[in-house]
Colleague: 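Got a structure for you, written out below as structure tokens; questions coming shortly.
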Amino acid sequence: MEFSASQIAALCNGTVEGDSDVKVNTIAKIEEGREGSISFLANPIYTPYIYTTGSSIVLVNRDFQAEQPIKATLIRVDDPYATVASLLEMVDKMTRQTRRGVEQPCYISDGVDIADDNYVGAFAYIGKNVKLGSGVQIYPRVYIGDNVSIGDNTILYPGVTVYHDCVIGNDCIIHAGVVVGADGFGFAPVGERYNKIPQVGNVVIEDNVEVGANTTIDRATMGSTLISAGVKLDNLIQVAHNCTIGSNTVVAAQTGMAGSSHIGANCMIGGQVGFAGHITVGDHTQIGAQSGIPKSVPAGSRLMGYPAVNAGDFARQSVHIKKLGQLFERVANLEKENG
């Protein structure tokens, strides 16, 4: 498929600067661009590449000012990163193969309705009373336990496990190896041993959620572990029993949430962040990578470090820590001078 600069500009409400008839058939990073590709410039760090890129078209901000001649045709848009994301989504929809039908061997319990536009891959298992919406894609080796409900157009990639009674909404993407609804880590100490506490709740994943590969979301002891609409979870995340994650929050890889921690809406959480149990994180909070959150924090916080502190304070502390060696040396010299 080929698109001209004028066609792309029309799709993204952009303004062409250069050859409006130049055509592209692929998308490339600006530093790796070649003839026939379209790239984008969103991060100023990559600005030098716009003067050397081989890409035929580059998306730039409307206020971008060139300091040297540029060979590529420019398309000026409000947000190059969001624009290229929309273009990638469009290309993906045009090129993605839609699977339908039931492959064999697989096991589907009696009474489970498989719509004509559903796909069930080989070696999948679908338990009793499972409800599948239209357009659901179940890839090979997926396990779906009894009484599970899965909404329209949701995709479960190979090796996903969904335990009994869990609910997954519409337009979700659950990547390979995800486990939804395993028992929460609940044990009661009795003398020198631990008795298991039955985990009788479930997991509820609302609409338009994406869960990265090998992430685990534990079922609640009672009630529901809740992943709200629009949440995006990266790979290798642990969400413990009775946690809640507010709508449109994004969480990077290897983050761990202890039981009954409650994360607000529209939060941005870096990789390897650890949350203590039974705390509340307010809406619109931003947390830097490898931070430890031992207590509740108010909405709008920007945190970093272990234990986490205000991001600005953490930056200043880091500068001081780098100077500790010099400080000790100065103190030692002063002690020598003063006998």
Side-chain angles (χ1 to χ4, degrees), residues 1-98 134-135 137 151-155 169-173 206-210 212 228-234 246-252 265-269 283-284 286 300:
M1 293 182 294
E2 284 191 332
F3 298 91
S4 68
S6 58
Q7 289 173 321
I8 294 171
L11 287 170
C12 61
N13 193 30
T15 303
V16 178
E17 189 174 300
D19 183 2
S20 61
D21 294 324
V22 67
K23 291 182 171 59
V24 294
N25 55 25
T26 189
I27 299 175
K29 295 189 289 186
I30 192 169
E31 67 271 29
E32 299 175 357
R34 62 185 188 278
E35 186 176 352
S37 64
I38 182 172
S39 299
F40 70 99
L41 176 62
N43 189 327
I45 293 174
Y46 294 92
T47 299
Y49 291 109
I50 200 169
Y51 306 111
T52 60
T53 186
S55 293
S56 299
I57 299 173
V58 180
L59 300 167
V60 298
N61 277 305
R62 294 192 189 276
D63 60 357
F64 170 75
Q65 297 294 323
E67 298 177 353
Q68 304 175 35
I70 297 174
K71 181 176 65 174
T73 291
L74 302 183
I75 299 179
R76 296 182 179 272
V77 295
D78 293 331
D79 186 338
Y81 191 73
T83 299
V84 80
S86 297
L87 293 175
L88 286 169
E89 183 179 8
M90 179 187 69
V91 170
D92 181 57
K93 287 181 178 178
M94 295 174 67
T95 58
R96 183 190 300 168
Q97 180 183 3
T98 300
S134 65
Q137 305 279 292
D152 297 344
N153 303 313
T154 285
I155 302 172
N170 303 318
D171 301 302
C172 294
I173 300 173
E206 295 184 342
D207 297 345
N208 195 32
V209 169
E210 184 159 351
S228 300
V231 167
K232 312 301 180 189
L233 301 180
D234 200 356
S247 59
N248 301 312
T249 283
V250 292
V251 185
N266 299 103
C267 295
M268 301 176 68
I269 298 167
D283 298 345
H284 297 280
Q286 298 179 20

Colleague: Less than 4.5 Å apart, side chain to side chain, heavy atoms only: is that true for Leu41 and Val60?
Modeller: yes
Colleague: Using side-chain heavy atoms (C-beta onward) and a distance below 4.5 Å, is Thr249 in contact with Met268?
Modeller: no
Colleague: Would Lys71 and Thr52 count as a side-chain contact (heavy atoms from CB on, under 4.5 Å) if you check the C-alpha gap in whole Å, the side-chain angles of each, and the deciding distance to 0.1 Å?
Modeller: CA-CA 8 Å; Lys71 181 176 65 174; Thr52 60; over 6 Å; no
Colleague: Rounded to the nearest 0.5 Å, what separation is found between the OG1 atom of Thr53 and the CD atom of Glu35?
Modeller: 11.5 Å
Colleague: Could you work out, with side-chain hydrogen bond (donor to acceptor under 3.5 Å, both in side chains) as the rule, every residue matching Asp78, not counting sequence neighbours?
Modeller: Arg62
Colleague: Report the distance from atom NE2 of His284 to atom CG of Asn248, rounding to the nearest 0.5 Å.
Modeller: 9.0 Å
Colleague: Rounded to the nearest 0.5 Å, what's the gap from CG on Asp171 to CG on Asn153? Could you check?
Modeller: 5.0 Å
Colleague: Is the closest side-chain heavy-atom distance between Leu87 and Leu59 below 4.5 Å?
Modeller: yes
Colleague: Identify the heavy atoms of Asn208 and Lys232 that sit nearest to each other, and give their distance.
Modeller: O-NZ, 2.9 Å
Colleague: Looking at side-chain heavy atoms only, is the closest gap between Ile38 and Thr26 below 4.5 Å?
Modeller: no
Colleague: With a 3.5 Å distance limit and no angle check, can you tell me whether Ser247 reaches the backbone of Gly230 through a side-chain donor-acceptor pair?
Modeller: no
Colleague: I'd like to know whether Arg76 forms a side-chain contact (heavy atoms from CB on, under 4.5 Å) with Phe64, so could you lay out the CA-CA distance, the side-chain angles of the two residues, the decisive distance to 0.1 Å, and finally the verdict.
Modeller: CA-CA 8 Å; Arg76 296 182 179 272; Phe64 170 75; 3.6 Å; yes
Colleague: Report the distance from atom CZ of Phe40 to atom NZ of Lys29, rounding to the nearest 0.5 Å.
Modeller: 10.0 Å
Colleague: To check you understand the geometry: which heavy-atom pair defines the closest contact between Pro48 and Ile45, and what is its length?
Modeller: CD-O, 3.5 Å
Colleague: Could you walk me through whether Val84 and Ile27 pass side-chain contact (heavy atoms from CB on, under 4.5 Å), step by step?
Modeller: CA-CA 9 Å; Val84 80; Ile27 299 175; 4.1 Å; yes
Colleague: Start with the C-alpha gap between Ile57 and Val24, add the side-chain angles, then the distance that decides, and say whether side-chain contact (heavy atoms from CB on, under 4.5 Å) holds.
Modeller: CA-CA 7 Å; Ile57 299 173; Val24 294; 3.7 Å; yes
Colleague: Report yes if some heavy atom in the side chain of Ile30 is under 4.5 Å from a heavy atom in the side chain of Val58; otherwise report no.
Modeller: yes
Colleague: To check you understand the geometry: which heavy-atom pair defines the closest contact between Val231 and Leu233, and what is its length?
Modeller: CG1-CD2, 3.7 Å
Colleague: If we ignore hydrogens and angles and just use 3.5 Å, is the side chain of Asp283 paired with the main-chain N or O of Ala265 as donor and acceptor?
Modeller: yes
Colleague: More than 12 non-hydrogen atoms from neighbouring residues, nucleotides or ligands closer than 6.0 Å to CD on Gln68, yes or no?
Modeller: yes
Colleague: Looking at CG of Asp79 and CG of Asn61, how far apart are the two atoms once the value is rounded to the nearest 0.5 Å?
Modeller: 7.0 Å
Colleague: So which heavy atom on Gln65 is nearest to which on Tyr51, and how close?
Modeller: O-OH, 4.4 Å
Colleague: Please table the atom pairs, donor to acceptor, closer than 3.5 Å between any side-chain atom in residues 4-14 and protein atoms at least two apart or in another chain.
Modeller:
unit_1	atom_1	unit_2	atom_2	d
Ser4	OG	Ser6	OG	3.0
Ser4	OG	Gln7	N	3.2
Ser4	OG	Gln7	OE1	3.4
Ser6	OG	Ser20	O	3.4
Gln7	OE1	Ser4	N	2.8

Colleague: Do Thr73 and Val16 come close enough that some side-chain heavy atom pair is under 4.5 Å?
Modeller: yes
Colleague: Have Ser55 and Ser37 got a donor and an acceptor in their side chains that come within less than 3.5 Å?
Modeller: yes
Colleague: So, does Glu206 use its side chain to make a donor-acceptor pair with the main chain of Ala229 at under 3.5 Å?
Modeller: yes
Colleague: Determine yes or no for a side-chain-to-main-chain donor-acceptor pair under 3.5 angstrom, with Asp234 supplying the side chain and Val251 the backbone.
Modeller: no
